[in-house]
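Letters A, B, ... mirror the listed sequences (proteins, then strands); counts begin at 1.
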Number of protein chains: 2
Amino acid sequence: MFKNVTLKDIAKECGCSVTTVSRALKDSDTLPQATKDKINQTANAMGYIPNSVATSMRTGSTRTIGVCVQDFRNPFYSSIAKYTEQYLRSKNYFALFATTNEEPEQEYNVIKSFLSKNVDGILLLPIQHDTQAVDLLLEQKKPFVLVGRQFEQLNTNSLVTADEEGGYLITNYLISKNARKILFLNAEESISSAKNRRAGYMRALEEHGLEPFVFNLSMEYGKTREFLIPFSAELAQYDAILVFCDIMGFEAYNTLLSMGYSIPQDMMLASFDGLQQDIILPIELTCAATDRKKMAEQAVDMLLELIDHEQPSPNLQHIVIDQYLLEGNTT
Amino acid sequence: MFKNVTLKDIAKECGCSVTTVSRALKDSDTLPQATKDKINQTANAMGYIPNSVATSMRTGSTRTIGVCVQDFRNPFYSSIAKYTEQYLRSKNYFALFATTNEEPEQEYNVIKSFLSKNVDGILLLPIQHDTQAVDLLLEQKKPFVLVGRQFEQLNTNSLVTADEEGGYLITNYLISKNARKILFLNAEESISSAKNRRAGYMRALEEHGLEPFVFNLSMEYGKTREFLIPFSAELAQYDAILVFCDIMGFEAYNTLLSMGYSIPQDMMLASFDGLQQDIILPIELTCAATDRKKMAEQAVDMLLELIDHEQPSPNLQHIVIDQYLLEGNTT
DNA sequence: CTGTTAGCGCTTTCAC
DNA sequence: GTGAAAGCGCTAACAG
């Protein structure tokens with residue numbers, strides 16, 4: 001097996017102690033420039049790469065943030081991942097990603113292994129099926145921020161989007177486009193954002209004396225199509241479909257097309273997220289959008305602040321990121 | 001600052017030595033069941049979480065694989081990421097992801113920090129702008145596998161897709177659909193897969209006595225649109241557009257639509273990848289597809305095999321993953 | 001069956 | 001200015 005170059009090797013080569021080498025590489029000002037230069041030079045020549053495991057062991061910090069998301073294939077999560085990783089790197093931190101596939105026990109395992117890996121902090125985009133993972137985090141006193149969804153009953157730092165406002169905004173927009181019967185295909189309402197989006201939808205409808213039509217589907221791939229196909233007879237009576245998120249919207253678009261609908265002529269379609277801001281897509285959904293770069297960066301800022309403060313963080317922070325209307329070609 | 005529970009704490013609590021605790025938690029069979037049970041129980045009660053930094057320091061293995069990709073927002077990479085992470089976890093390994101944004105110096109930094117983090121191996125989806133990163137890897141004798149693109153001049157383990165065959169396959173398919181003038185919007189041909197896809201395209205055209213029309217674009221977001229818009233006058237003479245990858249295809253679709261084209265009536269569109277296998281998309285491109293789950297898993301298998309063999313791996317492996325025709329609704 | 005000891009590579013007192 | 005020594009938490013060789 002290949003042996004890495006260590007401080008000891010450099011020390012031997014330079015005829016000085018390990019301490020001196022360590023200091024030289026850290027550019028300590030107790031050393032004369034000449035010594036530092038010489039050591040840096042030989043370290044370079046020997047192909048020295050610092051062993052950060054040893055540094056972590058010694059200092060207690062890994063400069064790594066665990067980031068737990070559901071599924072990278074969902075562009076929502078992959079965009080969050082991208083912006084998080086990029087921003088963390090600019091702050092000289094690593095992102096350690098893990099995915100849960102929306103399986104609660106997986107989430108618990110992920111958090112446990114993050115703790116085991118001694119990450120300095122954790123960003124969790126929770127499944128919100130149970131509180132096991134969050135309980136563990138609270139118990140271990142590890143700095144963490146919940147992103148996207150939050151537990152009403154738990155005291156945690158969190159960053160969410162203005163879901164009620166978004167629901168209100170997009171529903172009002174559909175009404176202004178002459179939709180009267182708006183079908184809302186929502187996610188399960190144990191998810192805080194689903195509950196809040198529905199509340200906004202209800203508020204807008206109420207203001208116009210309109211009736212709500214809500215179904216709660218799973219976000220799993222295929223479930224939207226599975227719902228729509230047997231529903232086709234009733235579908236025609238609606239003017240618009242609002243779905244919980246863009247990936248459900250893509251699936252709805254795809255399914256409606258195969259059912260012979262023209263969008264938006266025969267049926268308007270709207271959603272939440274605005275993934276067209278992050279990736280180029282064949283079509284663009286009209287939606288209540290959020291800025292994922294901003295989400296990622298503000299969540300990271302909040303977390304790093306928690307990490308820097310040694311104290312057990314007295315007051316909790318809750319950031320709410322606004323939602324705004326993004327017109328696509330489906331309304 | 002919160003102090004984690006260590007083996008020492010458990011040992012004190014149980015009135016035994018650290019070694020015994022370590023052995024009990026590893027379920028060593030030199031210990032009587034009663035002792036093991038008692039220790040495991042108290043460890044649990046105390047909320048013990050193993051410090052894997054210390055274990056890594058001691059054993060030299062981090063059970064972590066560095067995975068370097070371009071940009072998570074591209075579903076190609078995020079799918080690879082998903083399947084890689086999932087498969088590695090099933091093998092009890094971690095995936096440490098980093099992204100390069102297609103910037104060569106970023107790639108070098110990423111590899112360097114992977115080495116510094118003492119990852120056990122590296123999966124690199126190389127930019128192929130230069131060989132700096134790969135040179136470093138070779139020099140440090142760290143097990144690694146190149147995925148998707150490969151350097152002809154360097155001896156490395158690699159896994160690529162059958163790009164020449166894919167190019168041939170999809171071009172032949174377009175010809176069978178009566179396309180005679182096929183515009184190929186390829187990526188830069190310093191990328192091995194671009195070069196090979198073109199070769200397949202040429203072979204198919206040659207067999208039918210047809211003329212090639214190739215332009216080399218950047219894969220960056222927006223570049224396909226930027227090319228197509230000023231090209232609109234000439235565009236009408238073509239029967240089909242073949243693009244290097246699906247995300248360029250989405251952009252082409254989106255642009256053609258806004259230019260008033262109906263697809264496939266006015267223009268056929270085909271590409272490479274088959275991302276509709278991984279994520280649900282509003283439309284499905286006809287393409288020469290690859291199985292990313294298979295790619296990820298075979299790359300991981302190859303890498304883990306390298307890691308398990310202490311020897312400097314005598315014979316290099318090159319895996320070629322096949323491409324197959326996937327009909328969408330764009331031809 | 002269990003404990004003592006050494007050491008992974010690094011940083012950080014504390015001496016000289 | 002520089003070095004010796006201790007120790008982060010864990011494992012493994014070696015005793016007993």
Checklist entry - Counting any heavy atom closer than 4.0 Å, what does Thr35(A) reach on the DNA or RNA strands: base, sugar-phosphate only, or nothing? => result sugar-phosphate
Next on the checklist: Does Lys294(A), at its NZ atom, have more than 12 non-hydrogen atoms belonging to other residues, nucleotides or ligands within less than 6.0 Å?
Outcome noted: yes
Checklist entry - Checking side-chain contact (heavy atoms from CB on, under 4.5 Å) for the pair Asn118(A)/Asn4(B): CA distance, chi angles, key distance, verdict? => result CA-CA 10 Å; Asn118(A) 264 1; Asn4(B) 282 306; 4.2 Å; yes
Checklist entry - Yes or no on salt bridge (charged side-chain N to carboxylate O under 4.0 Å, His left out) for Asp120(B) and Arg63(B), after CA distance, side-chain angles and deciding distance? => result CA-CA 6 Å; Asp120(B) 293 348; Arg63(B) 293 205 77 81; 5.8 Å; no
Item to check | Selection from dT2(C), dA4(D), dG9(D) that lies nearest to any side-chain heavy atom of Ser17(A) | outcome: dA4(D)
Under 3.5 Å, which N/O atoms of the protein pair with N/O atoms of nucleotides 11-14 of chain D?
residue, atom, partner, partner atom, Å
dT11(D), OP1, Lys26(B), NZ, 2.9
dT11(D), OP2, Ser22(B), OG, 2.9
dT11(D), O2, Arg58(B), NH1, 2.0
dA12(D), N6, Thr19(B), OG1, 3.2

Checklist entry - Could you give the distance from SG (Cys68(B)) to CG (Leu125(B)), rounded to the nearest 0.5 Å? => result 7.5 Å
Next on the checklist: Could you tell me how far apart Asp9(B) (CG) and dC8(D) (P) are, to the nearest whole angstrom?
Outcome noted: 11 Å
Item to check | Pair Lys293(A) + Asp291(A): basic N to acidic O under 4.0 Å | outcome: no
Checklist entry - What is the nucleic acid contact for Thr30(B), judged by heavy atoms within less than 4.0 Å: base, sugar-phosphate only, or nothing? => result base
Next on the checklist: Would you say CD of Glu103(A) has more than 12 non-hydrogen atoms from neighbouring residues, nucleotides or ligands within 6.0 angstrom?
Outcome noted: yes
Checklist entry - Aromatic rings Phe97(A) and Phe97(B): how do their planes relate, parallel, tilted or perpendicular, breaks at 30° and 60°? => result tilted
Item to check | Rounded interatomic separation in angstrom, taking CG from Asn118(A) and C1' from dC10(C) | outcome: 15 Å
Checklist entry - How close or far is atom C1' of dT2(C) from atom CD1 of Ile39(B), stated in whole angstroms? => result 10 Å
Checklist entry - 5'-most contact on DNA chain C: Gly15(B) or Met57(B), nearest heavy atom basis? => result Gly15(B)
Checklist entry - Looking at dC10(D), dT2(C), dG9(C), which one has an atom nearest to any side-chain atom of Ala54(A)? => result dG9(C)
Checklist entry - Lys38(A) NZ to dG1(D) C1': how many Å, rounded? => result 14 Å
Next on the checklist: In whole Å, I'd like the distance from the CG atom of Asp29(B) to the P atom of dT2(C).
Outcome noted: 13 Å
Checklist entry - For the pair made of CG in Asn51(A) and P in dG7(C), what is the distance, rounded to whole Å? => result 18 Å
Checklist entry - Tell me: NZ of Lys12(A) to P of dG3(D), nearest whole Å? => result 15 Å
Next on the checklist: I need the CG-C1' distance between Asn4(B) and dG9(D), as an integer number of Å.
Outcome noted: 11 Å
